[in-house]
Structure formats: C-alpha cells, structure tokens
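By convention in this document, chain letters (A, B, ...) are assigned in the order of the sequence lines, proteins followed by strands, and residues within each chain are numbered from 1.
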Number of protein chains: 2
Amino acid sequence: MESTFAVIAEPNRRAILSLLAASERSVGEIEHALGMPQPSVSKHLRVLRDAGFVEARVDAQRRLYRIRPEPLLELEAWLAPFRRFWAGHVDALEQRLDRMEPERTDDQP
Amino acid sequence: MESTFAVIAEPNRRAILSLLAASERSVGEIEHALGMPQPSVSKHLRVLRDAGFVEARVDAQRRLYRIRPEPLLELEAWLAPFRRFWAGHVDALEQRLDRMEPERTDDQP
DNA sequence: TGAGTATATAACAAATAACGTATATGCGCG
DNA sequence: CGCGCATATACGTTATTTGTTATATACTCA
C-alpha cells in the first residue's frame with residue numbers, strides 16, 4: 001500500500017478517518033462505532049499508521065488513535081492545480097455537498 | 001470502479017488528470033506525453049469518463065479530453081472536515097509541496 | 001472506395017488487496 | 001501467577017484490477 005491515494009480508496013478507512021476527525025478513539029470504540037470486526041479495524045489502522053494518516057497513544061491496554069495531517073496535506077496539494085476549475089463557482093461546492101451520500105461515521109440502526 | 005477515491009488511486013490516472021489540468025488533449029497526445037501504451041490510455045480514460053472526471057469532444061478522428069470538476073469537488077468536500085488540523089500552519093503545506101516527489105506529467109528523457 | 005490514422009474494446013494472465021477465522025501478544029488486576 | 005480484556009497478526013480464499021496483445025470501429029483523404 002504505497003500511495004496516500006490508494007490508502008483512502010478504501011471506504012472503511014475513510015470512515016475511520018472521518019470518525020477520528022471528530023476526536024481520538026480506541027480500537028474498540030471504532031469497532032463498535034462502525035460495526036466492523038476488530039481484526040478488520042486493526043488491519044486498516046495498520047495501513048493508516050504505516051501511511052502516516054494516524055498515530056497511536058497507549059492508554060493502559062488500549063491504543064488511542066488520532067489523525068496526523070501530513071498525508072492529507074498531500075491530497076490537498078495534489079488537488080490545488082484543479083481549483084481553478086471551480087473557483088468562482090463557490091456554490092457548486094455546496095450543491096455537491098447537499099447531494100453527496102453521507103459517509104458512515106456512526107453506528108447503523 | 002465505483003468510488004471517486006478508487007479512481008484516483010491509480011497513478012497513471014492521476015498523471016492523466018494532472019496533464020489535462022493544463023489543457024485539453026487528444027488520446028495520442030496523452031499517450032506520447034506519458035509514454036504509456038495507447039490501449040492503456042484509452043482504458044484509463046474510460047474509467048475517468050465513467051466516473052465523471054473527464055469528458056470528450058470529437059475533433060475529426062480524434063477525441064479531445066478535458067477535465068470535469070464535479071468528482072474533484074467531492075474530494076474537496078471530503079477533505080474539508082480535516083482542514084482544522086492544519087489551519088494556521090499554512091507553511092506546512094508549502095514544505096510538504098517542496099518535499100513531494102513530482103507526478104509525471106511530461107515525457108521521460 | 002480503399003488505405004491510413006486515431007481510438008476503443010476484447011480476452012487472458014498476473015498481481016494485489018480485502019475479508020473471515022483463528023491465534024498470538026500485551027497489559028492489569030484479583 | 002494466572003485469567004480476562006484489548007489489540008495485533010497470520011493464513012487461506014476470493015474478487016477486483018492492471019497490463020498486454022490482438023483486433024474492431026470510425027473517420028479522412030486521395
């Protein structure tokens with residue numbers, strides 16, 4: 001899993017990142033919040049950690065994960081040259097946001 | 001190839017997009033500029049077109065491809081909640097840009 | 001109309017990544 | 001020390017994707 005872009009191609013990993021955008025969480029909290037099996041969470045966290053998207057802090061037998069901005073800045077940087085295509089159409093962004101299907105960052109009903 | 005994110009996970013497709021960011025190009029121009037086989041270019045363009053990243057204009061027997069901003073706006077939107085992690089550290093972005101390995105948008109020597 | 005150029009698609013092989021299950025490590029507490 | 005909880009890893013399977021080669025379609029111009 002080399003590139004920043006490949007890492008966020010995976011929907012579960014994006015969900016994890018979006019969840020951590022709010023605040024740091026333990027593996028168990030992520031597991032329960034996203035309703036995915038624990039080994040899956042750990043594996044995705046491993047990929048995210050290796051790519052520098054997150055870092056872990058030890059709290060007793062738990063690991064608390066939190067965002068690290070660097071790789072996201074790379075995304076931001078890659079995106080920059082395209083901004084001119086929608087500069088001026090500021091509301092296009094809002095319209096798009098409205099129509100977007102929301103990423104799951106929560107428990108399912 | 002469902003998601004916007006999966007589409008740009010592929011380095012050649014990012015190279016094509018970056019090339020088109022400058023101006024519209026024919027398939028042959030892309031092929032020659034990036035040094036990749038024509039069927040490969042066509043196939044990637046197909047994926048990009050299906051995902052709405054580009055559109056084609058017919059010019060005699062050539063197709064001229066150009067950027068469409070919508071999917072990139074989705075990226076931009078997804079990124080938005082993370083901006084707070086580097087807001088204020090504006091120079092972090094520039095440092096990152098400096099250290100980034102450049103995407104190939106040109107002929108190789 | 002026939003040759004040539006530009007682009008698209010088909011078909012197959014190879015590589016990669018994701019998931020599930022089972023198991024290992026690590027820490028704290030009785 | 002040994003049990004239990006929290007997290008990590010190994011392994012086998014399956015599915016998806018990419019590159020490659022060959023061929024099809026489409027348009028232009030002599």
(request) Would you kindly give the CZ-to-C1' distance between A:Arg14 and C:dA18, to the nearest whole Å? (result) 14 Å
(message) With a 4.0 Å cutoff (strictly under), does any side-chain N or O of A:His44 reach OP1 or OP2 of C:dA17?
(response) no
(request) Please confirm whether the backbone N or O of A:Ile8 pairs with a side-chain atom of A:Arg14, one donor and one acceptor, at under 3.5 Å? (result) yes
(message) Output the rounded distance in Å from CG (A:Leu45) to C1' (C:dA18).
(response) 15 Å
(request) Return the value, rounded to whole Å, for the distance between atom CD of B:Gln61 and atom P of D:dT25. (result) 18 Å
(request) Return the value, rounded to whole Å, for the distance between atom CG of A:Asp50 and atom C1' of D:dT9. (result) 13 Å
(message) On the nucleotide C:dG26, are OP1 or OP2 found under 4.0 Å from the side-chain N or O atoms that A:Arg62 carries?
(response) no
(request) Measure the shortest side-chain to side-chain distance between A:Arg25 and A:Leu20 over non-hydrogen atoms and say whether it is less than 4.5 angstrom. (result) yes
(message) On the nucleotide D:dA6, are OP1 or OP2 found under 4.0 Å from the side-chain N or O atoms that A:Tyr65 carries?
(response) no
(message) From the set C:dG26, C:dT9, D:dT28, return the single nucleotide nearest to any side-chain atom of B:Ser42.
(response) C:dT9
(request) Return no unless some side-chain N or O of B:Ser40 is found under 4.0 Å from OP1 or OP2 of D:dG19. (result) yes
(message) Suppose we call two aromatic rings close when their centres sit under 6.0 Å apart. Are B:Trp86 and B:Phe82 close by that rule?
(response) no
(request) Give the rounded distance in Å between these two atoms: CG of A:Leu48 and P of C:dA17. (result) 14 Å
(request) Take the protein atom CZ of A:Arg13 and the nucleotide atom C1' of C:dA17, then report the distance between them rounded to whole Å. (result) 9 Å
(message) Tell me the interatomic distance from B:Arg57, atom CZ, to D:dA26, atom P, rounded to whole angstroms.
(response) 21 Å
(request) Between A:Arg63 and A:Lys43, just flag the one whose closest nucleotide in DNA chain C comes earlier from the 5' side. (result) A:Lys43
(message) If you assign B:Glu29 and A:Glu10 each to the DNA chain C nucleotide with the nearest heavy atom, which residue ends up on the more 5' nucleotide?
(response) B:Glu29
(request) Using atom CG of B:Asn12 as one end and atom P of C:dA15 as the other, report the distance to the nearest whole Å. (result) 18 Å
(request) Look at B:Arg46 and C:dA8 and indicate whether a side-chain polar atom (N or O) is within less than 4.0 Å of OP1 or OP2. (result) no
(message) Any carboxylate oxygen within less than 4.0 angstrom of a Lys/Arg side-chain nitrogen, looking at B:Arg63 and B:Asp59?
(response) no
(request) Check every strand shown and say whether B:Pro37 touches a base, only sugar-phosphate, or nothing at a heavy-atom separation below 4.0 Å. (result) sugar-phosphate
(message) I'd like to know if the side chain of A:Glu10 reaches the main chain of A:Val7, judged simply by a donor and an acceptor atom lying under 3.5 Å from each other, with no hydrogens or angles considered.
(response) no
(message) What I want to check is whether an N or O donor and acceptor connect the side chain of A:Gln38 with the base of D:dA8 at under 3.5 Å.
(response) yes
